[in-house]
Amino acid sequence: MSTVSTFDVGITTLTNVDAMSNIALDVRDMAESLNQGEWVEARRIYEFGRNSRQYDIYGNEKDEFLSLQRMAHEGKEGMFNEDPTYMFQVLGLANIGMDIDETIASHGNYADAYITEQLNDYDSGTLGAQASTILIVSMYATHQLWDGLHDCLAVKNGFNAEADKTGKINPKQSFDNFIALYVGAGQTLSPDWDGDMLYELAQAGGDLFDTTDSEGEAFINSDIREFYQSIQRLMSEENYCTRDDTLENLWFLVNKIITRMYVPHVQMLIHSMKQEDQADKVRMYALAVIPQLSQCRPSIHRKLKDYLLDKKYDRSDFPRILDLLQQSYDCLGFGCDDVGAYKEGEVAECAGYDTDHPLASFIPKEDVQSLSKADLDIIAVDQLLKFPSTTKNKMAQFYYQYGRAAEIDDDVGFDLTSLQDMTQLSTKGKWSPYYSDYITYFTRDKFADTAIMAAFGDIYGEQRRAYLVSLMRYNVVPEFMMGLIGTALQICQDSENDESPTLYWDAFAALYIGSLEGIKPSSSDDDGLMLWSLAKNRARQFNTQNDNYGATVNDEMVDLLFAGQSEAERRDCTNFEKTASRVLHLMLVPLIQSTIWYAIRNAKSATEENLAIGEAMAYSVLPIVSKYDENAASVIERNMIRSDGVPPVAEGPQYVANAFFQILDNIGWGCDYIGQAEGIDACEQFDPNAVAGLKNTGSMLFKSGTVTIFIVTISATVAILIS
């Protein structure tokens with residue numbers, strides 16, 4: 001037996017994967033049996049296999065075959081529980097309110113359930129065979145990629161894959177299994193491009209949407225071959241998987257391959273929707289695509305699930321479905337040009353994102369769209385932490401450490417790809433105006449990162465999930481945002497620096513709003529995860545909404561963002577400094593409201609989850625509170641930071657609110673922005689006579705000069721991140 005496998009599409013593997021690639025012949029034989037009306041034989045091939053012979057660890061043939069149904073059942077049996085693609089799939093099929101056990105029980109076997117239904121419907125034609133490729137082979141192939149990443153981690157941690165005779169941990173084999181399933185046995189080249197696997201599917205999509213090269217090969221196929229061969233080069237190194245950067249490189253290559261694999265499914269979904277009487281085929285492609293949107297905007301996912309999965313497809317809904325689908329491309333990791341135009345413009349190529357793509361009410365001047373997608377990494381972490389794990393949710397940890405959605409190009413002055421990068425970059429220049437105050441309060445640098453990594457290694461459950469996600473949303477991101485403001489101001493004031501301060505200003509706005517908010521300022525979908533969304537939610541509870549039920553804090557923020565953008569562009573640094581100071585402290589308002597809100601909730605009926613969120617909220621502002629009033633900080637600590645044997649919020653939520661009142665004058669935003677909730681008023685101690693005659697400049701307690709802390713801090717500590 002050969003030690004490698006060769007495919008006509010220009011790929012030779014490092015290991016022999018002939019048996020795995022032969023699963024393509026099962027799909028071929030199923031389709032032939034169905035065309036001939038031999039339904040029993042098609043079911044037999046599906047259930048027991050015919051062509052993919054299995055071997056023992058010594059290379060001897062076994063009496064069993066790998067079957068498509070067995071591949072499908074591995075997900076149901078929990079073997080995919082460390083596989084993000086499968087986890088997003090199952091979560092994306094669940095109804096609102098389902099817990100994870102019910103979700104797995106109801107939808108863990110989604111592919112087999114659909115195919116078995118088709119193989120027992122004598123009017124379904126060859127749909128059962130087609131679905132075996134679209135639903136089973138596709139998911140099993142991505143599982144091999146994730147398996148390879150897990151195997152490589154095991155090698156890095158000391159496992160000797162070469163000495164192991166069981167083959168259970170073998171990253172080379174796992175990555176080769178992927179390409180064997182993607183291409184499949186029997187795949188031919190131009191002009192026919194005949195095959196039965198995912199390579200052939202991409203060719204079909206490329207022909208329909210004019211996304212093929214001059215030789216006729218689909219761009220998706222050439223991209224995936226290139227990424228796979230990059231993995232091969234890593235696996236061919238003498239000490240493969242042991243280098244520090246190998247895991248990160250593999251993480252990006254695996255994610256790039258998976259995002260490219262989505263494109264043919266989307267193309268064929270659009271094609272099916274345009275055909276007459278193809279509702280069953282529409283559902284098949286929708287099953288492969290729509291559940292993956294559980295990692296994207298929840299409102300779009302819900303709408304598309306309703307249109308395409310919860311009811312039978314209606315062709316009159318096509319325009320609405322197409323618009324929602326196109327809005328999801330960016331989240332899934334590809335663009336309009338990747339999908340192309342259907343049948344020479346019958347369905348035009350969508351426009352994609354311009355530099356000035358709106359973020360809620362704000363329009364950036366710089367391209368910060370990719371940075372705004374940091375919230376997609378957070379939503380991915382949140383979703384993956386729902387699943388049981390034997391690796392302490394290592395894949396969720398990789399989303400935090402390496403990122404998937406957010407990146408800034410090297411040529412803009414700094415390189416950022418992940419949430420953890422935000423915590424690491426802050427130490428290079430110390431450009432946050434409150435940088436030293438965070439170190440003083442926590443007595444160490446990078447507190448949030450240390451707490452997050454410790455929590456990843458801690459116990460499981462909703463408390464851990466809530467704490468991890470809250471630390472990312474309300475500690476990592478806001479602290480990094482403060483640094484962006486400081487950097488923008490420093491660049492503005494440095495006449496010899498030709499960088500654009502507007503880039504960093506718009507980056508702040510991108511992280512304040514996030515990509516999940518969409519482009520409408522007063523959306524009722526509540527999709528967001530960043531401070532804009534937090535401000536909207538707290539405005540409802542603290543009675544600080546505007547006439548359109550948005551947050552007055554966000555209205556003020558948008559005005560300041562546009563003002564600062566204009567000042568930064570023309571380098572009006574005197575006014576820019578004032579605007580920057582007001583923006584920095586305005587972002588604290590929803591964090592203060594939230595700390596008070598969780599004091600209220602935890603005083604009434606504390607849950608482990610809410611206690612964890614309340615602590616993370618308190619940590620987000622305690623360093624700043626402590627800077628201005630250590631006694632106020634002590635009150636917040638006693639009531640909000642969890643401690644064994646100490647009841648939560650022992651002194652009551654009003655004490656917490658009163659503590660925040662002590663520093664409102666210092667941050668320059670007061671009672672009319674904080675508001676009150678359920679009888680708890682942060683301004684209970686407010687004396688209107690103390691500020692009689694004070695001009696209202698956007699906050700009852702704002703006094704000129706009280707928050708312009710940049711002059712001394714920036715000139716002393718800020719440096720630009722230029723590699």
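Keep in mind the model is a prediction, meaning the values are calculated, not measured.
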Students often mix this up, so state it plainly: with edges at 30° and 60°, are the rings of [X] and [Y] parallel, tilted or perpendicular?
{"X": "Tyr512", "Y": "Phe508", "value": "parallel"}
{"X": "Tyr182", "Y": "Tyr199", "value": "perpendicular"}
{"X": "Tyr86", "Y": "Phe80", "value": "perpendicular"}
{"X": "Trp251", "Y": "Tyr399", "value": "perpendicular"}
{"X": "Phe178", "Y": "Tyr228", "value": "tilted"}

Keeping the roles fixed (side chain from [X], backbone from [Y]), state whether a donor-acceptor pair exists under 3.5 Å.
{"X": "Ser236", "Y": "Gln232", "value": "yes"}
{"X": "Arg283", "Y": "Leu309", "value": "yes"}
{"X": "Ser132", "Y": "Val27", "value": "no"}
{"X": "Gln118", "Y": "Gln130", "value": "no"}
{"X": "Thr212", "Y": "Asp207", "value": "no"}
{"X": "Arg473", "Y": "Leu529", "value": "yes"}
{"X": "Gln187", "Y": "Asp194", "value": "yes"}
{"X": "Gln267", "Y": "Phe209", "value": "no"}
{"X": "Asp147", "Y": "Ser174", "value": "no"}
{"X": "Asp151", "Y": "Asn170", "value": "yes"}

Which heavy atom of [X] sits nearest a heavy atom of [Y], and at what distance?
{"X": "Thr103", "Y": "Met98", "value": "OG1-CB, 3.4 Å"}
{"X": "Leu135", "Y": "Met284", "value": "CD2-O, 3.7 Å"}
{"X": "Pro298", "Y": "Asp527", "value": "CD-OD1, 3.4 Å"}
{"X": "Asp337", "Y": "Glu349", "value": "CA-OE2, 3.5 Å"}
{"X": "Phe334", "Y": "Val266", "value": "CZ-CG2, 3.9 Å"}
{"X": "Leu511", "Y": "Leu484", "value": "CD1-CD1, 3.8 Å"}

Full working for side chain to side chain donor-acceptor pair (under 3.5 Å) between Thr133 and Glu200: CA-CA 10 Å; Thr133 295; Glu200 193 277 334; over 6 Å; no
Any side-chain heavy-atom pair from [X] and [Y] closer than 4.5 angstrom?
{"X": "Tyr313", "Y": "Ile321", "answer": "yes"}
{"X": "Cys241", "Y": "Pro171", "answer": "yes"}
{"X": "Lys156", "Y": "Asp244", "answer": "yes"}
{"X": "Leu376", "Y": "Ser515", "answer": "yes"}

Distance check, rounded to the nearest 0.5 Å: [X] atom [atom1] versus [Y] atom [atom2]?
{"X": "Leu149", "Y": "Glu82", "atom1": "CG", "atom2": "CD", "result": "11.5 Å"}
{"X": "Tyr240", "Y": "Leu234", "atom1": "OH", "atom2": "CG", "result": "12.5 Å"}
{"X": "Thr142", "Y": "Asn255", "atom1": "OG1", "atom2": "CG", "result": "11.0 Å"}
{"X": "Asp449", "Y": "Leu419", "atom1": "CG", "atom2": "CG", "result": "10.5 Å"}
{"X": "Gln295", "Y": "Ile379", "atom1": "CD", "atom2": "CD1", "result": "8.5 Å"}
{"X": "Ser418", "Y": "Asp377", "atom1": "OG", "atom2": "CG", "result": "8.0 Å"}

Salt bridge (charged side-chain N to carboxylate O under 4.0 Å, His left out) contacts in which one or both residues fall within residues 260-270, not counting sequence neighbours: Asp223-Arg260, Arg260-Asp338
Pairwise salt bridge (charged side-chain N to carboxylate O under 4.0 Å, His left out) hits with a residue in residues 224-236, at least two apart: Glu217-Arg225
Verdict with supporting geometry, His107 and Gln89, side-chain contact (heavy atoms from CB on, under 4.5 Å): CA-CA 9 Å; His107 302 293; Gln89 182 78 12; over 6 Å; no
Chi angles and distances behind the side-chain contact (heavy atoms from CB on, under 4.5 Å) call for Ile231, Phe227: CA-CA 6 Å; Ile231 291 176; Phe227 295 144; 5.9 Å; no
Donor-acceptor pair between Asp323 and Gln327 side chains, under 3.5 angstrom: yes
Test applied, side-chain hydrogen bond (donor to acceptor under 3.5 Å, both in side chains); reference residue, His143; option that passes from Asp83, Thr85, Asn177: Asp83
Test log, rule side-chain contact (heavy atoms from CB on, under 4.5 Å), inputs Val476 and Leu471: CA-CA 6 Å; Val476 172; Leu471 284 172; 5.5 Å; no
Test log, rule side-chain contact (heavy atoms from CB on, under 4.5 Å), inputs Cys331 and Leu293: CA-CA 8 Å; Cys331 168; Leu293 299 183; 5.7 Å; no
More than 12 heavy atoms from other groups under 6.0 Å of CG on Asp210: no
Residues, nucleotides or ligands: over 12 heavy atoms within 6.0 Å of Asp310 CG: yes
From CA spacing to verdict: side chain to side chain donor-acceptor pair (under 3.5 Å), Thr13, Thr15: CA-CA 5 Å; Thr13 59; Thr15 64; 5.0 Å; no
